[in-house]
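The block underneath contains the structure these notes are about, expressed in structure tokens.
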Amino acid sequence: MKRLMEKFKKNWTRVWLVVIILSSVSFISYAAYTEVSSVKRVVSTTSSPGDPFSSNCMRTSTTSRRLTAAEFPVSVCNFDQNYPKNYSPVEITYVMTAELKVKVNNQYRTFAEMADMVTAGTLTQELYNSYVTKAASYSIAKTTDDQSGNDASPTYYNLDSTNGFKKVFPADTLKENKSSSDFYTVRIPEADLSADDSLFFVFVTAQPSGGALSSLSARLYGAKDKAEQEASWDGTIIDDSYTTVDYDFYNYVITGSGVGTIDILWDPANVKVNKYFLEEQGLTPTTVASGDALYGDSGTKKQCTGWSKATLSVNSTQKSRYELQLYKTNEGSMNNPDAYIACYFTQSP
């Protein structure tokens with residue numbers, strides 16, 4: 001033992017080096033193991049993909065759904081539509097709301113907003129009254145409950161003045177750890193299904209409580225199938241209340257039917273178009289000259305000298321919807337963003 005200690009003393013530096021190396025190797029090995037174990041834990045907690053709060057028509061960003069029948073079922077589910085076996089592990093509490101809006105001047109208006117327009121003189125009382133009368137033809141009912149099943153005689157609530165043109169259902173729940181769905185049925189007039197232009201829209205929203213899940217919404221309307229209409233394309237800003245809410249950017253959607261080209265024009269002094277949309281579509285903007293016959297100082301369609309223009313080729317049999325984002329070039333409120341963008345369709349011969 002004494003001789004061993006003397007050897008340690010003579011080679012003390014080497015001993016410490018060996019100890020340090022062994023300790024480092026052990027630490028690195030442990031760290032590597034811990035890292036792998038951590039990765040395994042992260043992976044293992046995701047048993048299946050998808051969001052366990054979904055609908056047959058509502059999405060996290062408001063979508064449009066053209067109805068082909070006067071009655072349409074709207075589901076609220078505790079599983080992802082693409083992964084129906086991915087049930088929510090906890091009970092979901094939500095509130096279902098339906099509100100009737102009218103498309104006026106290319107904007108979705110509540111009846112309260114239209115009443116203000118009547119007061120301001122921008123909408124006639126006669127036209128507003130006609131909207132109020134027709135509102136009684138739109139209704140919604142809860143027709144299936146996840147616990148009690150189908151309702152043989154559901155109560156339909158008219159989306160008219162007696163209900164404030166909306167219906168807010170009491171808070172409801174979807175059960176946990178098994179397939180659970182509630183169904184609501186929206187009714188619209190038969191005449192809407194053959195209309196050339198949609199005017200009335202039922203906005204449906206499912207708002208979950210707790211903040212862990214996102215709300216779902218959709219706008220439902222009746223109109224003639226685009227394939228049955230004449231070739232036509234138009235664009236609109238789809239953000240709700242965009243004339244009163246100062247958003248950082250705006251979603252502009254172009255939809256229609258037919259084959260031809262669309263001139264998209266915007267005022268670069270106030271807005272710019274998402275460059276990724278332009279790149280994806282292979283568009284190179286040009287500047288409208290003062291002598292442009294369509295859009296110049298004496299343009300027959302619109303006077304917008306100095307604006308940017310991009311021409312998009314369209315064919316509704318291949319694609320009938322395009323979405324782009326408008327970004328403000330200046331800080332501050334923009335009360336009328338649709339004043340700075342326009343689109344015009346030219347049908348191919």
Side-chain angles (χ1 to χ4, degrees), residues 61-62 64 101-124 127-128 131 197-201 203 219 221 232-256 260-278 281 283-312 314 321-346:
S61 59
T62 305
S64 292
K101 296 184 181 181
V102 181
K103 196 171 187 179
V104 180
N105 297 331
N106 218 27
Q107 299 176 36
Y108 302 105
R109 299 287 194 178
T110 65
F111 279 80
E113 290 173 331
M114 290 189 291
D116 291 339
M117 293 174 66
V118 173
T119 302
T122 56
L123 184 70
T124 66
L127 186 56
Y128 174 79
Y131 293 156
D197 296 307
S198 50
L199 183 62
F200 285 76
F201 294 75
F203 281 68
R219 60 177 73 89
Y221 67 97
S232 175
W233 290 78
D234 57 34
T236 183
I237 295 175
I238 62 173
D239 304 285
D240 295 338
S241 305
Y242 69 88
T243 58
T244 57
V245 178
D246 186 23
Y247 294 109
D248 292 329
F249 67 90
Y250 303 88
N251 293 292
Y252 190 79
V253 172
I254 300 171
T255 57
T261 59
I262 296 175
D263 288 334
I264 308 171
L265 303 104
W266 65 95
D267 181 3
N270 289 281
V271 296
K272 60 181 179 180
V273 170
N274 186 343
K275 68 176 182 178
Y276 298 110
F277 169 80
L278 299 174
Q281 301 302 326
L283 303 178
T284 301
T286 59
T287 301
V288 176
S290 60
D292 191 298
L294 297 178
Y295 311 112
D297 293 343
S298 302
T300 57
K301 290 190 175 182
K302 185 177 178 65
Q303 289 75 50
C304 47
T305 299
W307 282 30
S308 297
K309 182 184 78 170
T311 301
L312 176 68
V314 293
R321 186 180 190 275
Y322 296 86
E323 181 171 341
L324 56 91
Q325 287 71 44
L326 294 176
Y327 297 93
K328 296 183 295 184
T329 56
N330 300 306
E331 294 184 1
S333 178
M334 182 184 294
N335 294 326
N336 192 22
D338 56 358
Y340 306 118
I341 186 168
C343 68
Y344 295 91
F345 171 66
T346 301

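Everything numeric here is computed off the predicted structure, so don't read it as measured data. All values below were derived from every heavy atom in this structure, side-chain atoms included, with hydrogens, water molecules and symmetry-related copies excluded.
- For the atom pair CH2 (Trp307) and OG1 (Thr287), the distance works out to 13.0 Å, reported to the nearest 0.5 Å.
- Side-chain contact check for Gln281 versus Ile264: every heavy-atom pair is 4.5 Å or farther apart.
- Under the rule for a side-chain hydrogen bond (donor to acceptor under 3.5 Å, both in side chains), the partners of Glu323 that lie at least two apart in sequence or sit in another chain are Arg321.
- Note: Tyr295 and Tyr344 have tilted aromatic rings, judged against thresholds of 30 and 60 degrees for the angle between ring planes.
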Checklist entry - Passes side chain to side chain contact (heavy atoms under 4.5 Å, CB included), Tyr322 versus Ile262? Steps please. => result CA-CA 11 Å; Tyr322 296 86; Ile262 296 175; 5.7 Å; no
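- One N or O on the side chain of Asn274 and one on the backbone of Tyr276 form a donor-acceptor pair closer than 3.5 Å.
- Of the N and O atoms on the side chains of Thr311 and Asp263, at least one donor lies less than 3.5 Å from an acceptor on the other residue.
- Here the closest heavy-atom approach between residue Ser64 and residue Tyr221 is recorded as CB-CE2, 4.0 Å.
- For the atom pair Met117 CE and Gln107 CD, the distance stands at 7.5 Å (nearest 0.5 Å).
- Put simply, the side chain of Tyr252 does not reach to within 4.5 Å of the side chain of Trp266, judged on heavy atoms.
- The aromatic rings of Tyr131 and Phe200 sit perpendicular to each other, their planes meeting at more than 60°, with 30° as the lower class boundary.
- A cation-pi arrangement, defined by a distance under 6.0 Å to the six-membered ring centre and an angle within 45 degrees of its axis, is present between Lys101 and Phe203.
- Side-chain contact between Thr329 and Tyr340 is absent, with no heavy-atom pair separated by less than 4.5 Å.
- Residue Gly235 comes nearest to Cys343 through the heavy atom pair N-SG, 3.3 Å, listed as atom of the first residue, atom of the second, then distance.
- The heavy-atom pair separating Ala310 from Pro285 by the smallest distance is CB-CA, 4.5 Å.
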Item to check | Worked check of side chain to side chain contact (heavy atoms under 4.5 Å, CB included) between Tyr250 and Ile341 | outcome: CA-CA 11 Å; Tyr250 303 88; Ile341 186 168; over 6 Å; no
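- Minimum interatomic distance between Cys304 and Leu265 (heavy atoms only, all atoms of both residues): SG-CD2, 3.6 Å.
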Under 3.5 Å, sequence neighbours excluded: what are the donor-acceptor pairs made by side chains of residues 296-303?
| residue | atom | partner | partner atom | Å |
| --- | --- | --- | --- | --- |
| Asp297 | OD1 | Thr305 | OG1 | 2.6 |
| Gln303 | NE2 | Gly299 | O | 2.5 |

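- Taking every heavy atom of both residues into account, Val118 and Tyr128 meet most closely at CG2-CB, 3.7 Å.
- Considering CG of Leu324 and CG of Leu278, their distance stands at 8.0 Å, rounded to 0.5 Å.
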Checklist entry - Going through the checks in order, is the side chain to side chain contact (heavy atoms under 4.5 Å, CB included) test met by Lys272 and Leu326? => result CA-CA 6 Å; Lys272 60 181 179 180; Leu326 294 176; over 6 Å; no
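- With contacts defined as side-chain heavy-atom distances shorter than 4.5 Å, the pair Asp234/Thr255 qualifies.
- With contacts defined as side-chain heavy-atom distances shorter than 4.5 Å, the pair Asp292/Lys309 qualifies.
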